[in-house]
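Heads up, the thing below is written out as structure tokens.
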Amino acid sequence: MPAMPRSWLITGYAMSAIGAMLFATKGIVVKLTYAHDVSVLALLALRMLLSTPVFVAVGIVEWRRRPVHERPGVKPLGAAAAVGMIGYHLSSWLDFEGLALLDAQSERLILFTYPFLVILFGRLIFKRPFAPHAVLGALMSYAGIAAMFGGAPARMTDDALTGAALVLTAAVSFALYQLFARELIVKCGAALFTAVAMSAAGVSLLAQFFLTHPVGELAVEASAWPLIVTLVLLGEPFGWPEALGTVLVLGGVGLFMLVDAARARRAAAP
């Protein structure tokens, strides 16, 4: 297999970095939205009301575009729907519930450890070997979380610890999604898999909302919609424990990704 052109690698890393930054802002936006008295499920329901029709449309177009013999069967489609509900319904709900109790920076750092959970479950479920750099990266990241909480005992309230447990559970469910999604993407194709997974998650989450909440909760203030601002406006503390935790968590994830990328380049080289 020929090595990728350098320009492709640079573009891929740049897009990954931008994606990571956008991913990191989600907690900030959610926290600011909560200040407008929007409940967790109402916020998730609004999110799915906006996105589900798009994914349904993408799925229909992708399905009709394919020749009949290239369309996946009921079993992989059902599995894609189930995996989607784990990754985009259960994980999102747990994450947003955790954010209602925990500061955004702690939530992001805990959630960013999910790649190591993918490796752990890969070992437990599929007997994949542990790589030394992955173990080192995981130790760095979880040491960072310990430093953040241990260096500022005042932040270890019951609410914060409950929120941290919810976010860690969200990371577990998202790791399981990542693990099982790989094979299904091969069977269904990336576009169709994503459309089915997100559509199923949207339908199940909307069902949860409408069965447990009044429709009126979806009426939110107009100012709650365009919320993308900096961490400073949240008024959350950022001292040496937060700085050390951030460096260790992101350093651990970065180490894991860089070593993995280097191994992939060596494997692809002629």
Side-chain angles (χ1 to χ4, degrees), residues 9 12-13 15-24 26-27 76 79-99 102 106-146 148 164-194 196-198 200-201 245-268:
L9 290 172
Y13 286 131
M15 292 179 70
S16 297
I18 293 170
M21 286 186 285
L22 292 173
F23 179 65
K26 184 182 74 173
V83 168
M85 285 186 279
I86 292 172
Y88 293 112
H89 176 169
L90 179 61
S91 182
S92 294
W93 177 53
L94 290 168
D95 183 33
F96 279 42
E97 288 284 0
L99 265 169
L102 187 66
S106 298
E107 179 265 351
R108 289 293 89 183
L109 293 183
I110 294 170
L111 200 59
F112 262 124
T113 64
Y114 78 85
F116 305 117
L117 295 173
V118 173
I119 295 169
L120 175 62
F121 293 135
R123 172 63 177 172
L124 295 176
I125 298 173
F126 297 111
K127 308 302 181 186
R128 295 172 182 168
F130 276 132
H133 70 282
V135 176
L136 177 59
L139 289 174
M140 286 176 62
S141 292
Y142 288 110
I145 294 172
M148 177 176 282
L166 286 168
V167 174
L168 183 59
T169 308
V172 168
S173 62
F174 192 66
L176 290 171
Y177 160 80
Q178 291 279 328
L179 193 63
F180 290 109
R182 294 176 183 177
E183 183 180 347
L184 292 169
I185 289 173
V186 173
K187 291 180 179 179
C188 300
L192 185 59
F193 167 79
T194 302
V196 171
M198 287 297 299
T246 300
V247 169
L248 286 172
V249 171
L250 297 184
V253 175
L255 172 68
F256 164 68
M257 294 179 68
L258 286 172
V259 174
D260 244 26
R263 286 185 169 185
R265 286 197 300 272
R266 287 197 298 268

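A quick note: this is a predicted structure, and the numbers were derived from the prediction, not measured.
Residue pairs meeting the salt bridge (charged side-chain N to carboxylate O under 4.0 Å, His left out) criterion with at least one partner in residues 85-95, sequence neighbours excluded, are Lys26-Asp95, Asp95-Arg108. Residue pairs satisfying the salt bridge (charged side-chain N to carboxylate O under 4.0 Å, His left out) criterion with at least one member in residues 84-94, sequence neighbours excluded, are absent.
Between the side chain of Ser173 and the main chain of Gly87, no donor-acceptor pair closer than 3.5 Å is present.
Here the shortest heavy-atom pairing between Val196 and Ala80 reads CG1-CB, 3.9 Å. Here the closest non-hydrogen pair linking Ile110 and Val167 is CG2-CG1, 3.8 Å.
With rounding to the nearest 0.5 Å, the separation of CD in Glu107 from CG in Leu99 is 4.0 Å. Within the model, atoms CG of Leu166 and CG of Leu102 stand 9.0 Å from one another, a figure rounded to the nearest 0.5 Å.
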Show the atom names and distances, to 0.1 Å, of all donor-acceptor pairs under 3.5 Å that link a side chain in residues 174-193 to residues at least two apart or in another chain.
from	atom 1	to	atom 2	distance (Å)
Tyr177	OH	Tyr88	OH	3.0
Glu183	OE2	Lys187	NZ	3.2

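For Ser92, the side chain to side chain donor-acceptor pair (under 3.5 Å) test picks out Arg47, with sequence neighbours left out.
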